[in-house]
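Below is one structure, written out as structure tokens, with a few remarks after it.
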Amino acid sequence: TLDNCGLNGNSAQRYGGGATEVMMNNCTLSSNTAGDGGGVYIATLNNCILTANRAQTNGGGFFWGLLNNCVLVSNVAQNSGGGVWLGTMNNCTLTGNSATTLGGGICSPSGTLTVGDCTLDSNSADHGGGAGGNLARAVGGCERQLETIGNSRETVFDRDAGHLLS
């Protein structure tokens, strides 16, 4: 467990530029890079801030796990999930994250994403600026669980259904 820490400017060729397989409380992760999970790969984060992290494939800020009361700003994924790729999110804010393909804010390609009381604002991607993936199965009524403001393209795009959810 890491408490009250800062992980900045780190890199990993494959997974978790800032950290991997860890619990973090009240930490800041910025400008980290990796193949997947530029900021963090497989973790539990509580009250953390992730900014300007970059993934060469998926999960610019965060790749799979649990996020509680976290803020993700300006994270980038070259493929999908600029802010978050898979996992569970509660009371989080995702702003200005981007992905080339799917889900600028969040992406769930396999239906393993749970979202509660989160705000997605000004995120961008070719499909699902706010959220993209197999969201009809993953989130089920996400338009009632997410507040989506000013995201580019479709706000919430369901790849399997081929249409907007909100």
Could you measure the distance from the [atom1] atom of [X] to the [atom2] atom of [Y]? Nearest 0.5 Å is fine.
X	Y	atom1	atom2	answer
Leu67	Phe62	CG	CZ	4.0 Å
Ser74	Leu50	OG	CG	11.5 Å
Asn69	Asn47	CG	CG	5.0 Å
Ile49	Cys70	CD1	SG	9.0 Å
Leu94	Thr119	CG	OG1	9.0 Å
Ile106	Cys118	CD1	SG	7.0 Å

For [X] against [Y], the heavy-atom pair lying closest together:
X	Y	result
Gly60	Ala77	N-CB, 3.8 Å
Gly103	Ala125	N-CB, 3.7 Å
Ala99	Leu102	CB-O, 3.8 Å
Gly16	Ala34	N-CB, 3.7 Å
Met24	Cys48	O-SG, 3.7 Å

Can any side-chain N or O of [X] pair as donor or acceptor with the backbone N or O of [Y] at less than 3.5 Å?
X	Y	result
Thr100	Gln78	yes
Asn123	Asn97	yes
Thr57	Gly35	yes
Asn32	Asn10	yes
Asn58	Ser80	yes
Asn53	Asn75	no

Transitively linked via ILVMFWY side-chain contacts under 4.5 Å: [X] with [Y]?
X	Y	answer
Val115	Leu66	no
Val71	Trp85	no
Val73	Leu120	no

| Yes or no on side-chain hydrogen bond (donor to acceptor under 3.5 Å, both in side chains) for Thr101 and Asn79, after CA distance, side-chain angles and deciding distance? | CA-CA 5 Å; Thr101 306; Asn79 188 32; 3.1 Å; yes
| Out of Thr1, Asn46, Asn4, Thr44, which one pairs with Asn25 under the side-chain hydrogen bond (donor to acceptor under 3.5 Å, both in side chains) rule? | Asn46
| With a 3.5 Å cut-off and no angle check, do the side chains of Asn8 and Ser30 form a donor-acceptor pair? | yes
